[in-house]
Amino acid sequence: MRFKKWLPGMFSLVLLLAAGCMYPEEEWMQLDRLPEQVAQVQGAVDAYYRENRVLPYKYTEEDEKLTTKYKVNFEELKGILGDIPPSAFEKGGYFLFVLVDVEKDPKVRLFDLRVNDAVMKVQAEVNGYVKQHHSLPVKEKVSGPFYTVDFQKLRMDPVEVPSPYSGENLPLVVDGQGRVFLDYRAEVMKKWQNAKEKPDEKTDLRLWLSEDALFVPAFSPQIQMEGNEPRLLPVEEENHSKK
């Protein structure tokens, strides 16, 4: 494996954080240095692999969160990395450091736990609504078995989750099982329209989104292109780990 070179597009969200006044906990976590922290962990992962020929991760079956499947195992990196980054969950930070594309070109990326909190807040309300009304709190079908969330039926203000790629709010969607996800299709289309080389129709475009960005598309169903449109694929029950 080679050390990864970070592209300019990866810094957009981080620069926004650095440009404003950070809260004390954000300053302590050094959020303006996230690219540097990810690069340091990437270097340690690469060094560990060169020495051991295996990757330092903890595996969990959580497909809807994509890369929480492969959490970086900082215990294995002792002596190589030094201190765990202050932004990491293990140090009280906002992020899980995870690995993507582990079979071909392992890359370190970030899973934002604040996204987890937002989605779980809506999931709890959806669960309560289904239990009481025996129906889903949805508006319209958007792609495959997914529907937009009707926050009026939930009697709550719409929950806004900014995209880690553009900063624009991501739609929250619900599948037929009442499971809440985020819809990244607009982000896929932006990248698709500007890409010189486009992946084939069988490619899981969640991985493609995270190739040149610091963050993974947390809580996204699989996305594939169908013709010229991205579509959300059904999530198999056995691959979904509810909390």
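Heads up: numbering here begins at 1 and tracks the sequence. What's counted below: heavy atoms across the whole structure, side chains too, no hydrogens, waters or symmetry copies.
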Trainee: Return yes if some donor-acceptor pair links the side-chain N/O of Arg206 with the main-chain N/O of Val216 below 3.5 Å, else return no.
Mentor: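 Not at all, since once roles are kept as given, no pair shorter than 3.5 Å links the two residues.
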Trainee: Should Ile223 and Leu232 count as side-chain neighbours, where that means a heavy-atom distance under 4.5 Å?
Mentor: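 Yes, at least one pair of side-chain atoms sits under 4.5 Å.
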Trainee: Without swapping roles, check the side chain of Gln123 against the backbone of Gly178 for a donor-acceptor pair under 3.5 Å.
Mentor: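 Here the side-chain-to-backbone pair exists.
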Trainee: Could you check whether any side-chain N or O of Ser87 sits under 3.5 Å from a backbone N or O of Gly93, counting only pairs where one atom can act as donor and the other as acceptor?
Mentor: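 Side chain of Ser87 to backbone of Gly93: no pair is present.
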Trainee: Taking the side chain as C-beta and beyond, is there a heavy-atom pair between Glu226 and Glu201 under 4.5 Å?
Mentor: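 When only atoms from C-beta onward are counted, Glu201 and Glu226 do not touch, as no gap falls below 4.5 Å.
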Trainee: Inspect the surroundings of CG in Asp157 and state if more than 12 heavy atoms from other residues, nucleotides or ligands are less than 6.0 Å away.
Mentor: no
Trainee: Do Val115 and Leu113 land in one hydrophobic cluster if side-chain heavy atoms of ILVMFWY residues count as linked below 4.5 Å?
Mentor: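 Same hydrophobic cluster.
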Trainee: Looking at the rings of Tyr70 and Tyr59, which for Trp means the six-membered one, are their centres under 6.0 Å apart?
Mentor: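 Yes, the ring of Tyr70 comes within the 6.0 Å limit of the ring of Tyr59, centre to centre.
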Trainee: For the pair Gln222 (side chain) and Asp204 (backbone), establish whether a donor and an acceptor sit closer than 3.5 Å, ignoring hydrogens and angles.
Mentor: no
Trainee: Any side-chain heavy atom of Leu214 within less than 4.5 Å of one from Pro35?
Mentor: yes
Trainee: What I'd like to find out is whether the side chain of Phe151 reaches to under 4.5 Å of the side chain of Pro137, using heavy atoms alone.
Mentor: no
Trainee: Between the side chain of Lys153 and the main-chain N/O of Tyr129, is any donor-acceptor distance below 3.5 Å?
Mentor: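 Pair absent, no side-chain N/O of Lys153 close to backbone of Tyr129.
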Trainee: Tell me if a side-chain donor or acceptor on Tyr57 pairs with a main-chain N or O of Lys69 at a distance below 3.5 Å.
Mentor: no
Trainee: Do Thr203 and Leu207 have side chains that get closer than 4.5 Å, going by heavy atoms?
Mentor: no
Trainee: Is there a path of hydrophobic side-chain contacts, each under 4.5 Å between heavy atoms of I, L, V, M, F, W or Y residues, that connects Leu136 with Val142?
Mentor: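 Yes; tracing contacts between hydrophobic side chains, which count when under 4.5 Å, links both residues.
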Trainee: So Ser166 and Glu187, do their side chains get closer than 4.5 Å, heavy atoms only?
Mentor: yes
Trainee: Does Lys198 use its side chain to pair, donor to acceptor, with the backbone of Trp192 at less than 3.5 Å?
Mentor: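 The answer is yes, because a donor-acceptor pair under 3.5 Å joins these two groups.
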Trainee: Run Phe111 and Phe89 through side-chain contact (heavy atoms from CB on, under 4.5 Å) and show every step you take.
Mentor: CA-CA 10 Å; Phe111 177 92; Phe89 169 74; over 6 Å; no
Trainee: For Val149, run the side chain to side chain contact (heavy atoms under 4.5 Å, CB included) check against Val174, Val159, Val173 and tell me which one passes.
Mentor: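 Among Val174, Val159, Val173, the one that satisfies the side chain to side chain contact (heavy atoms under 4.5 Å, CB included) with Val149 is Val174.
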Trainee: Using side-chain heavy atoms (C-beta onward) and a distance below 4.5 Å, is Pro85 in contact with Lys91?
Mentor: no
Trainee: Would you say that Tyr184 contacts Pro164 through its side chain, given a criterion of any heavy-atom pair below 4.5 Å between the two side chains?
Mentor: yes
